[in-house]
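Here the structure comes first, spelled out in structure tokens, and everything after it is commentary.
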Amino acid sequence: MASDYYGQYMGSFRNVITTTLEPLERVADLPVQAHHWYMQGVTDLALLENELLQVKTENLMLKARLQRLDSLELELDRLQRLLGTTGRMSTQSLRVASVLYYSSSPVSQYLTINKGSMDGVKTNQSIIDAYGVLGQVTSLTPTTSRVLLITDPDHQLPVRVQRTGQRGILTGLGHDKLNLDFVPLSSRVEVGDILVTSGLGGVFPSGYPAAEVTQVIQSPGMSYLTIKAKPLSDINSSYEVLVLSNSRDENE
């Protein structure tokens, strides 16, 4: 130690020893470095797996939201078509309602909607969808209403032929079929003619499309034409409908 402190020889010797042992120190440190690299790799892999799981989760959520967005766009389109019918209205007030139940038995055809007396709905108010007349309210609960469809055998609707103005009574036949009654043989009614509400009786407002003529038969010995028709409203699949007040309600 004294020689190393006062002389220069031991310093040179120490440098030689250090230079010689450096490779051995690196070799001895390799396991430590390898362990460090391994742990770093495991940590990075775990982070990548977590990020991948997060991306997959976000992707699934985005797909779910996209499906909901598509559904909302379809609902918006239906509502826009539905509310587009308000352009034909004058002073009638309206309410949007949703269909809860549909019955299509040959004996009774009706809808149940989610608006009732608590919502201001009254009996005999008319119901339409985006394409035409559906029916009229026949009974109420505080939160729901039963709507008798125009295709029900007990339903009769005063109409007129849009092209000629000829009046008649549209009667339900069940099975989504209609018959136009009390049209004289001299009337000019053709297949494809549109039948609209005449407003007679004060229940249905005038001018709403109700049906399309599908068949005109002139039977010998009969005083009236036999006229078959089909409803224009989407009776079997309407989801949103409009509840219209009639003229009597407006005067109350």
Side-chain angles (χ1 to χ4, degrees), residues 67-68 70-89 92 94-116 119 121 123-141 143-159 161-162 168-181 191-197 203-205 207-216 226-244 246:
Q67 292 177 8
R68 179 58 179 162
D70 291 340
S71 176
L72 288 174
E73 287 180 347
L74 291 175
E75 291 179 10
L76 178 61
D77 180 63
R78 285 197 300 269
L79 284 173
Q80 286 176 338
R81 287 187 283 110
L82 179 66
L83 294 176
T85 61
T86 60
R88 306 188 193 104
M89 301 175 188
Q92 287 82 14
L94 60 93
R95 295 175 181 86
V96 179
S98 298
V99 176
L100 299 177
Y101 179 75
Y102 169 70
S103 173
S104 61
S105 68
V107 180
S108 179
Q109 295 196 318
Y110 65 89
L111 298 174
T112 301
I113 59 175
N114 67 343
K115 300 294 183 182
D119 303 291
V121 179
T123 56
N124 293 326
Q125 285 187 321
S126 51
I127 307 296
I128 66 171
D129 69 359
Y131 307 101
V133 177
L134 277 167
Q136 67 184 94
V137 177
T138 56
S139 61
L140 296 167
T141 71
T143 57
T144 63
S145 301
R146 174 174 284 198
V147 178
L148 188 68
L149 298 176
I150 61 174
T151 51
D152 187 276
D154 291 332
H155 192 276
Q156 292 185 326
L157 173 64
V159 295
V161 178
Q162 188 178 50
I169 301 296
L170 196 62
T171 305
L173 298 177
H175 300 289
D176 300 336
K177 295 180 181 179
L178 298 162
N179 199 64
L180 182 61
D181 298 326
V191 173
D193 277 343
I194 301 300
L195 307 177
V196 298
T197 54
V203 176
F204 288 90
Y208 282 90
E212 179 183 349
V213 175
T214 58
Q215 189 177 16
V216 179
T226 301
I227 302 174
K228 306 296 182 182
K230 64 178 181 179
L232 291 175
S233 57
D234 197 359
I235 287 179
N236 296 310
S237 57
S238 287
Y239 178 70
E240 292 94 3
V241 299
L242 287 177
V243 183
L244 304 179
N246 53 35

### Task
Could you walk me through whether Q109 and H155 pass the side chain to side chain donor-acceptor pair (under 3.5 Å) test, one step at a time?
CA-CA 10 Å; Q109 295 196 318; H155 192 276; over 6 Å; no
### Task
Please list, chain by chain and in numerical order, all residues satisfying side chain to side chain contact (heavy atoms under 4.5 Å, CB included) with D234, sequence neighbours excluded.
D129, Y131, S237, S238
## Note on the structure
So OG1 of T123 and CZ of R146: to nearest 0.5 Å the spacing works out to 14.5 Å
### Message
Once side-chain hydrogen bond (donor to acceptor under 3.5 Å, both in side chains) is applied, do any residues pair with T144, and if so which ones, sequence neighbours excluded?
### Response
T141
### Message
Against Q162, only a single residue in D193, I194, L195 fulfils side chain to side chain contact (heavy atoms under 4.5 Å, CB included); can you say which?
### Response
I194
### Message
With heavy-atom distances below 4.5 Å as the criterion, would you say the side chains of T197 and P205 are in contact?
### Response
no
### Task
Of all the heavy-atom pairs spanning S103 and S108, show the shortest one and how long it is.
OG-O, 3.4 Å
### Task
Output yes when a side-chain donor or acceptor of D152 lies under 3.5 Å from a complementary backbone atom of L149, and no otherwise.
no
## Note on the structure
Heavy-atom nearest pair, I150 first then V133, reads CD1-O, 3.5 Å
### Message
Between F204 and V159, is there a side-chain heavy-atom distance shorter than 4.5 Å?
### Response
no
### Query
Under 4.5 Å between any side-chain heavy atoms of Y110 and V147, yes or no?
no
### Rounded distance [0.5 Å steps], CG in L111 versus OG1 in T138
10.5 Å
### Task
Kindly give the heavy-atom pair with the smallest separation between Q125 and L244, and that separation in Å.
CB-O, 3.3 Å
### Query
So do I128 and L134 actually touch side chain to side chain, heavy atoms under 4.5 Å?
no
### Summary
Shortest non-hydrogen pair, A210 vs L170, comes out as CB-CD2, 4.1 Å
### Query
Just wondering, do T143 and N114 contact through their side chains at under 4.5 Å, heavy atoms?
no
### Query
To the nearest 0.5 Å, how far apart are CD in E240 and OG in S98?
5.5 Å
#### Entry: Spacing of CG belonging to D176 relative to CG belonging to N236, to within rounding of 0.5 Å
4.5 Å
## Note on the structure
OG1 of T112 to CG of L100, rounded to nearest 0.5 Å, is 7.0 Å
### Message
Which residues pass the side-chain hydrogen bond (donor to acceptor under 3.5 Å, both in side chains) test with S145, not counting sequence neighbours?
### Response
none
### Summary
Taking every heavy atom of V196 against every heavy atom of P209, the minimum-distance pair comes out as CG1-CA, 3.8 Å
### Task
Please name all residues satisfying side chain to side chain contact (heavy atoms under 4.5 Å, CB included) with D181, sequence neighbours left out, ordered by chain then number.
T171, N179
### Query
Residues in side-chain hydrogen bond (donor to acceptor under 3.5 Å, both in side chains) with Y101, at least two apart?
none
### Query
Where is the tightest heavy-atom contact between L140 and V121, given as atom of each residue plus distance?
CD1-O, 3.4 Å
### Query
For K115, does its backbone N or O pair with a side-chain atom of R95 as donor and acceptor, under 3.5 Å?
no
### T214 side chain vs K228 backbone, donor-acceptor pair below 3.5 Å
yes
